[in-house]
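Before we start, here is the structure in question, set down as structure tokens.
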Amino acid sequence: MSILVIGEKPSVSRELAKVLGAEKKKNGYMEGSGYIVSWCFGHLVGLKFPDAYSEDWAARWSFAQLPMIPKEWKFQISESSKQQFKILKDLMTSSEVTEIICATDADREGECIFRYVYDLVKCKKPVKRLWISSLEESAIKDGFHKLKDGSAYDTLYQAGFCRAKADWLVGMNGSRLFSVRYNAHLNTGRVQTPTLAMIVKRDNDIANFVKQKYFTVVLDMVFKAGSARIDEEHTADMLASSCSGKTAAVTDVKKEVKSISAPKLFDLTSLQREANKKFGYTAQQTLDYMQSLYEKKLVTYPRTDSQYLSDDMEQTAYALIPAISEHFGFGTVAEPNLKAVINNRKVTGHHAIIPTESGVKCDVSALAVGEQNILKLVALRLLCASASTYRYDAVKVTLECENTAFTATGRTVLESGWKALDGKIGESEKSDEKSLPDLENGMTFIAKASKSEHFTSPPKAFTEDTLLSAMEHAGAEEFDENAEKKGLGTPATRANTIENLVRHGYIQRDGKKIISTDKGRNLIHIMPDEVKSARLTADWENKLLAVERGTLSADCFMDEINVFVTDLVRKYSAVDNSVSFGEKQPSIGNCPKCGKPVIKGKYGWYCSARCGMNLSKVYGVELSEGQIKLLLCGKETSYIKNGRKTIVVPKVAENAFNGKTYYNWATRKE
């Protein structure tokens, strides 16, 4: 008898197998010491597309199909993973296997990956759950000693399944609805569209920004002091002239000791933001580097949304601090203190990202450059989080000259604390603020005055750093201050959302900047508010969290999504010709089936109305642009293949294939 352990991917499963003693290699699994260890290849099973549900949903897109709300959700096996699915099915149904341990990634996605397979196989065997945050041997052994019954994670699965169904319902229905409404192929998504809307709004704010000139007068003494903003140039000129060579007297000196606490540890989003600031890495690149480091046992679990450690991690973290100082050469922390980042209540699924014991001993130079940089960032953040507070004297001085107030500010560092370490990697923040001399009320100076010209600044374009922050806090201002704000998406999904927008051509990268394309701006222009609402999507994320915690039923959440989709279809099921969303390619004629323009696409010429008329090939032979023009003008053309001439007639012929009807030209042989 054996226990079957199912991991998410081969590399992780091999690490589990080593610890369990399952060292005998088989086809698609490892075996030994009473264990069989296999894997899922990531998203081995997923929800079926609408075409697989019914002939009606598989037909040409129309309003009549909508809303598409499956009565029973269907799953499909990834084409590239069918062999591995069969291996898992045989293992799960084998009489040799008495129990199954779910060892996929310890999060919503990982839970769904396992449950989809388990349910599709119709397996009924008892399940235990492995929940670990590191692939080090000690963590794996500890995890297997603390296995929980699989039912303890039912609400986690329900939240993940709800998210997948909600994305399917909003994405599939929305894409078809607005594609038909505007006669164009459009992609919408529950998280994707509100994210795009934020980018488009920022770009519009920049494009429509009108800079305004303003002036200040600067007094140059032992230090410099500036006036308030002056809108009229002649007023600034007069003030500069009247103050030059005159006495400026100190009227007020305010000193205050200020401090900035050490930063929290990294969750995935804050790490992605920092990596973008310092190295220009995209969110997806940072996630990929982290995943590789995790599988090499050098860092803890990457897809976490917590910046805290649990009580039982405290001693482990303290033990890592001197090792980090010695191994990476960042400097030492005299009296490390992690009390501010130890909080059980703020650790749900996984604690913050920290290096492992192996991570602070490894040969860093043997890693890829990206992995080196991310590992150093993670290690340095643990060091910074344990360092003392940054303290400084903040000084604000007010002077009077010619009955006008001038101010100067400065700071004097009292204790560098964690900031002495923070600039050890990549770009560090620079402060233009300098220290001021010792000043007291009544002191006077002879001032040299000059006019300084300034312009108001437009908003800055999003970078990956600022976009991730905007996604994380989207809609936050509209929630109660005590609500747990989840924004758009989760740390595990935000990178993929950004990449999808790039893939669909809605946004593009310009250096570090992320800007919308014409296609993206056009899409947001025609999307109704409810589809691009960050507030609504953020509210759904909070409700998914409530499902995960068992305070909201999955049925209640899905009822809300179903109502939303149904209302959306009811409100927008009408063609709107007021907005042209068509392609910009020139037409070479009109479609003989429906009369709409014929344009060039990725795979040849086709009808812009997508009526099914294919104008590029006849029985596998590609027609030239000239031949297609002849046919569109009502004239015959021909081609020769294998020595035989075929006449192509300008008449629409219907061909059935895979239950669908395609239209092409009629032919006759000679």
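Positions are given from 1 along the sequence. Just so it is clear, the values below take in all heavy atoms, side chains as well, and ignore hydrogens, waters and symmetry mates. Worth saying up front: this structure is predicted, and the values here are computed from it rather than measured.
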Discussion item. Using a 3.5 Å distance criterion without hydrogens, assess whether the side chain of T517 forms a donor-acceptor pair with backbone atoms of Y506.
Written reply: yes
Worksheet item: Does any non-hydrogen side-chain atom of I515 lie less than 4.5 Å from one of Q508?
Response: yes
Worksheet item: Would you say the side chain of F209 lies within less than 4.5 Å of the side chain of S457, judging by non-hydrogen atoms?
Response: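 No. Closest side-chain heavy atoms not under 4.5 Å.
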Worksheet entry | H525 NE2: over 12 foreign heavy atoms closer than 6.0 Å |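 Not buried by this count: 12 neighbours or fewer within 6.0 Å.
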Worksheet item: If only atom types and distance count, is the side chain of E464 paired as donor or acceptor with the main-chain N or O of A283 below 3.5 Å?
Response: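 Indeed, once roles are kept as given, a pair shorter than 3.5 Å links the two residues.
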Worksheet entry | Residue pair I561 / W540, side-chain heavy-atom distance below 4.5 Å |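 I561 reaches W540 side chain to side chain.
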Worksheet item: Would you say M471 and M198 make side-chain contact, with heavy atoms under 4.5 Å?
Response: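 Yes. Closest side-chain heavy atoms under 4.5 Å.
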Worksheet item: What distance do F178 atom CZ and N183 atom CG have between them, rounded to the nearest 0.5 Å?
Response: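 Going from the CZ atom of F178 to the CG atom of N183 covers 15.0 Å.
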Worksheet item: Got a donor-acceptor contact below 3.5 angstrom from the Q65 side chain to the S62 backbone?
Response: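 The answer is yes, because a donor-acceptor pair under 3.5 Å joins these two groups.
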Worksheet item: Quick check: are there more than 12 heavy atoms from other residues, nucleotides or ligands sitting under 6.0 Å from CG of N27?
Response: no
Worksheet entry | Any donor-acceptor N/O pair, T188 side chain to S175 backbone, under 3.5 Å | yes
Fill in: Over all atoms of both residues, closest heavy-atom pair of R108 and A159
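Looks like NE-CB, 3.9 Å.
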Discussion item. In the structure I gave you, are the side-chain heavy atoms of I206 and P459 within less than 4.5 Å of one another anywhere?
Written reply: yes
Fill in: Exam field: side chain Q84 to backbone G28, donor-acceptor pair closer than 3.5 Å
yes
Discussion item. Using only atom types and a distance under 3.5 Å, with no angle test, would you say the side chain of T304 pairs donor to acceptor with the backbone of D267?
Written reply: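 The answer is no, because no donor-acceptor pair under 3.5 Å joins these two groups.
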Worksheet item: Who are the side chain to side chain contact (heavy atoms under 4.5 Å, CB included) partners of V575, not counting sequence neighbours?
Response: F63, N577
Worksheet entry | L552, L156, T155 screened by side chain to side chain contact (heavy atoms under 4.5 Å, CB included) with V547, the one that passes |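 So the option named by the test is L552.
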Fill in: Flag, side chain of D203 to backbone of S516, donor-acceptor distance under 3.5 Å
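Yes.
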Fill in: Residues R570, D567: salt bridge by 4.0 Å N-O rule
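Salt bridge between R570 and D567, a charged N being under 4.0 Å from a carboxylate O: yes.
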Practice prompt. Taking all non-hydrogen atoms of both residues into account, name the closest pair between W168 and M68 and its distance.
Written response: CZ3-O, 3.6 Å
Worksheet entry | Min side-chain heavy-atom separation I498-R509 under 4.5 Å | yes
Discussion item. I want to check something: taking the side chain as every heavy atom from C-beta on, are F75 and L47 in contact at a cut-off of under 4.5 Å?
Written reply: yes
Fill in: Y53 and W57 aromatic ring geometry - parallel, tilted or perpendicular at 30°/60° bounds
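Aromatic pair W57/Y53 classed tilted.
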Worksheet item: Got a donor-acceptor contact below 3.5 angstrom from the T193 side chain to the V531 backbone?
Response: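 No.
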Worksheet entry | Taking every non-hydrogen atom, the tightest pair across L568 and P528 | CD1-CG, 4.4 Å
Discussion item. Quick one about E472 and T269 (side-chain donor to acceptor, distance below 3.5 Å, no hydrogens or angles considered), yes or no?
Written reply: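 Side chains of T269 and E472: no pair found under 3.5 Å.
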Worksheet item: Can you list the steps and then say if E371 with S292 is a side-chain hydrogen bond (donor to acceptor under 3.5 Å, both in side chains)?
Response: CA-CA 8 Å; E371 292 176 3; S292 178; 2.6 Å; yes
Worksheet entry | Polar contact flag, side-chain donor to acceptor under 3.5 angstrom, T466-T463 |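 Indeed, the side chains of T466 and T463 share at least one donor-acceptor pair under 3.5 Å.
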Item to complete: Find out whether the Lys NZ or Arg CZ of K165 is both under 6.0 angstrom from the six-membered ring centre of F161 and within 45° of the ring's axis.
Response: yes
Worksheet item: Is R494 reaching over with its side chain to a backbone N or O of G489, donor-acceptor style, under 3.5 angstrom?
Response: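 At least one qualifying donor-acceptor pair exists.
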Fill in: Heavy-atom side-chain proximity of P50 to R176 below 4.5 angstrom
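With C-beta onward as the side chain, the pair touches.
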Worksheet item: Between I514, L501, L488, which is the residue that forms a side chain to side chain contact (heavy atoms under 4.5 Å, CB included) with L467?
Response: I514
Fill in: Worked verdict on L44 versus S78 for side-chain contact (heavy atoms from CB on, under 4.5 Å)
CA-CA 5 Å; L44 187 148; S78 167; 5.6 Å; no
Worksheet item: Does a side-chain N-to-carboxylate-O contact under 4.0 Å join E109 and R303?
Response: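 No, no charged N to carboxylate O under 4.0 Å.
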Discussion item. For V191, is there any backbone N or O sitting under 3.5 Å from a side-chain donor or acceptor partner on T537?
Written reply: no
Worksheet item: Which residues satisfy the side chain to side chain contact (heavy atoms under 4.5 Å, CB included) test with A275, sequence neighbours excluded?
Response: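 If we apply the side chain to side chain contact (heavy atoms under 4.5 Å, CB included) test to A275, skipping adjacent residues, the hits are Y281, T286, I374, L377.
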Practice prompt. Tell me yes or no: between the side chains of T493 and N496, is some donor less than 3.5 Å from an acceptor?
Written response: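 Per modelled atom types, T493 and N496 side chains form no pair under 3.5 Å.
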Discussion item. Looking at K278 and E274, is any side-chain nitrogen of the basic one under 4.0 Å from a carboxylate oxygen of the acidic one?
Written reply: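 Yes.
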Practice prompt. Report, as yes or no, whether the 6.0 Å neighbourhood of atom CD on Q76 holds more than 12 heavy atoms from other residues, nucleotides or ligands.
Written response: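 Result for CD/Q76: enclosed.
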Worksheet item: When you measure from the centre of the six-membered ring of Y572, is the NZ or CZ of R181 under 6.0 Å away and within 45° of the axis?
Response: no
Practice prompt. Say whether N276 and Q272, considering side chains only, have a donor N or O and an acceptor N or O under 3.5 Å apart.
Written response: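 Distance-only check fails for N276 and Q272.
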